[in-house]
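Here the structure comes first, spelled out in structure tokens, and everything after it is commentary.
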Amino acid sequence: MTLRSEESRTSPVVVDQEERQRAVKARIDKIGSWLMPAIVMIAAVWFWDRIVVWNEIPHYILPGPGRVLGSFIEDWRILFPALVVTLQITFMALAVAVIGGVGLSVLFTQSRFVEMSLFPYAVILQVTPVVAIAPLIFIYVDSRIVGLLICAWVVAFFPVLSNTTLGLNSADHNLRDLFRIYGATRWQRLRFLQLPAALPYFLGGLRIAGGLALIGAIVAEFVAGTGGIGSGLAFTILEAGYRLNITRMFAALILIAVTGVIIFTVLSFISHMLLRNWHESAVKKEK
Amino acid sequence: MNNQKPSTKSAATPLGLRPKLLEMRSIAKVFAEDVVALSDMSLTVNVGDFISLLGPSGCGKSTALRLIADLIHPTTGRIAWSETEHNHTISVVFQEPTLMPWATVGENVWLPFRLASRSYRSCRDEIMEALRLVSLENFEKSYPRELSGGMKMRTSIARALITHPSIMLMDEPFAALDEINRFKLNHDLLQLKEKIGCTVIFVTHSVFESVFLSDRIVVMAARPGRVHRELTIEQPYPRSDSFRTSAEYSAYCRTASEALQEAMGETN
């Protein structure tokens with residue numbers, strides 16, 4: 001024992017083999033987490049290009065990646081306004097989903113009877129495919145924008161509602177007791193206890209809702225069909241399909257996918273910034 | 001300041017001479033499905049008492065606390081507060097620190113005043129004073145996740161102290177801590193009590209803890225929950241850690257253990 005302690009005192013601090021390996025592994029993991037998907041992406045695009053070239057597939061059946069890239073530049077005057085329209089509907093629907101979802105869940109926690117009465121219908125609305133409801137909505141709603149908005153909202157609001165409701169009810173029971181002992185009002189309990197406790201749940205719901213709002217907006221536009229001026233990316237795809245302009249279809253499709261990824265990333269970032277001080281999900285692990 | 005006067009008085013006042021704070025008069029609490037949590041419990045709490053409720057699980061210790069805190073109401077019997085205490089304030093410390101993870105230590109301690117619509121700035125002095133009492137004055141801006149288990153519990157105690165409560169209800173507050181931390185907090189709690197002299201009801205299932213801390217031990221029996229026996233620990237405060245190793249301490253622990261055994265024997 002004494003020998004060992006003497007030894008450790010005199011010798012400089014040496015990181016042992018195991019720890020060094022762990023550090024190396026951590027670095028490899030970090031690089032790999034973005035390098036691997038990038039390699040897969042490049043390989044896939046290359047493979048796509050080769051298939052088109054090797055099999056001499058005509059571009060009106062499967063355009064090569066180079067052509068699609070060209071279409072972005074050529075058709076940008078068509079694609080960009082369509083993207084703006086789709087984004088508008090997506091974000092408006094998301095905003096209404098947040099307001100409606102949070103508002104309804106707050107109402108639910110204030111009155112159990114409201115929750116009992118309405119929650120089953122929220123579920124019904126959620127499990128019914130939006131494509132099945134959309135045609136009816138477009139019959140009864142004159143404004144095309146409003147119709148699209150309703151469709152996107154129907155898809156997007158449920159995760160916000162169910163997650164926020166769960167969050168509002170998940171506040172610590174002892175803290176609730178404490179609030180009672182200190183004579184907190186309903187409003188104080190909601191404001192200082194339930195809403196902060198629900199924040200991580202709400203943000204989880206919001207991330208799902210962001211993607212769903214985009215899907216809702218696209219699906220609804222497919223159903224709505226005819227557009228002309230002021231129509232979004234889904235209509236661009238439809239129209240390009242009628243003209244057998246497969247290249248533009250691909251360009252619009254990629255634009256939709258990229259938009260979805262960006263929405264998810266932005267919402268994740270917002271979530272991280274709001275929770276980084278206190279919530280386990282956002283706190284960096286300390287060793 | 002204003003809390004200094006009663007402190008010196010109550011700490012020095014012998015047990016029998018303390019003014020009455022509250023009285024539980026033959027209280028019974030029956031929960032739904034006929035679970036008798038508490039049957040016929042009577043207890044007089046005096047200003048400055050440190051009472052431990054000691055007993056096996058299911059003996060109604062926590063129910064008694066919740067009754068005093070007015071979170072539930074007795075089925076029969078009543079709790080009478082003394083005339084001078086009609087504006088009584090209650091604080092609770094739970095087994096878990098029960099902090100709001102999204103708020104800093106300072107903001108957590110602020111909670112009772114925040115709910116009384118006082119701004120952080122207007123009560124910052126009191127917040128810092130409470131943090132100083134539990135030696136956390138340098139952690140005002142820290143978040144609970146950055147603290148150790150013992151520090152979280154001290155934050156919880158600071159939050160309970162800030163209102164200068166007439167009575168502090170502690171529901172197995174140190175049960176989840178390791179022994180080193182528990183001993184330290186036992187010691188700190190006694191020092192705090194000396195300083196501010198509040199009345200404490202302390203629920204525990206540790207004989208050693210109850211003997212070290214309290215001047216009255218109420219041993220309770222289970223099914224139905226009831227008071228089995230009351231013991232008095234005559235050892236004066238302040239009690240140093242040497243009390244833990246003294247012969248009196250061992251003797252008190254033996255008496256308390258025997259009483260607890262009897263209480264548990266009665267159940268079976």
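All heavy atoms count here, side chains included; hydrogens, waters and symmetry mates do not. Everything quoted here is computed from the prediction, not taken from an experiment.
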Next item on the list: Could you go through the salt bridge (charged side-chain N to carboxylate O under 4.0 Å, His left out) check for B/Glu179 and B/Arg182 one step at a time?
Entry: CA-CA 5 Å; B/Glu179 196 163 74; B/Arg182 194 189 312 174; 5.5 Å; no
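- The two atoms that bring B/Leu71 and A/Arg180 nearest to each other are O-NH2, 3.0 Å, heavy atoms only.
- Heavy-atom distances place both the backbone and the side chain of A/Ala197 under 4.5 Å from chain B.
- Contact annotation for B/Arg114: both backbone and side-chain heavy atoms come within less than 4.5 Å of a heavy atom of chain A.
- Both the backbone and the side chain of B/Ser91 come within contact range of chain A, with heavy atoms under 4.5 Å apart.
- Side-chain contact annotation: B/Ser52 with B/Ser214, donor-acceptor N/O pair under 3.5 Å present.
- For A/Leu199, no part lies under 4.5 angstrom from a heavy atom of chain B.
- For chain B, the option among A/His173, A/Gln188, A/Arg191, A/Arg189 with the highest count of heavy-atom pairs below 4.5 Å is A/Gln188.
- Using bins of under 30°, 30° to 60° and over 60° for the plane-to-plane angle, the ring pair B/His88/B/Trp81 lands in the parallel bin.
- Taking the six-membered ring for Trp and thresholds of 30 and 60 degrees, B/Phe202 and B/Phe50 have ring planes inclined between 30 and 60 degrees apart.
- Without hydrogens or angle criteria, A/Thr109 side chain to A/Val106 main chain gives a donor-acceptor distance under 3.5 Å.
- B/Leu111 touches chain A through its side chain: at least one heavy atom from C-beta onward sits under 4.5 Å away, while N, CA, C and O do not.
- At a 4.5 Å heavy-atom cutoff, the contact between A/Asp172 and chain B is made by side-chain atoms alone.
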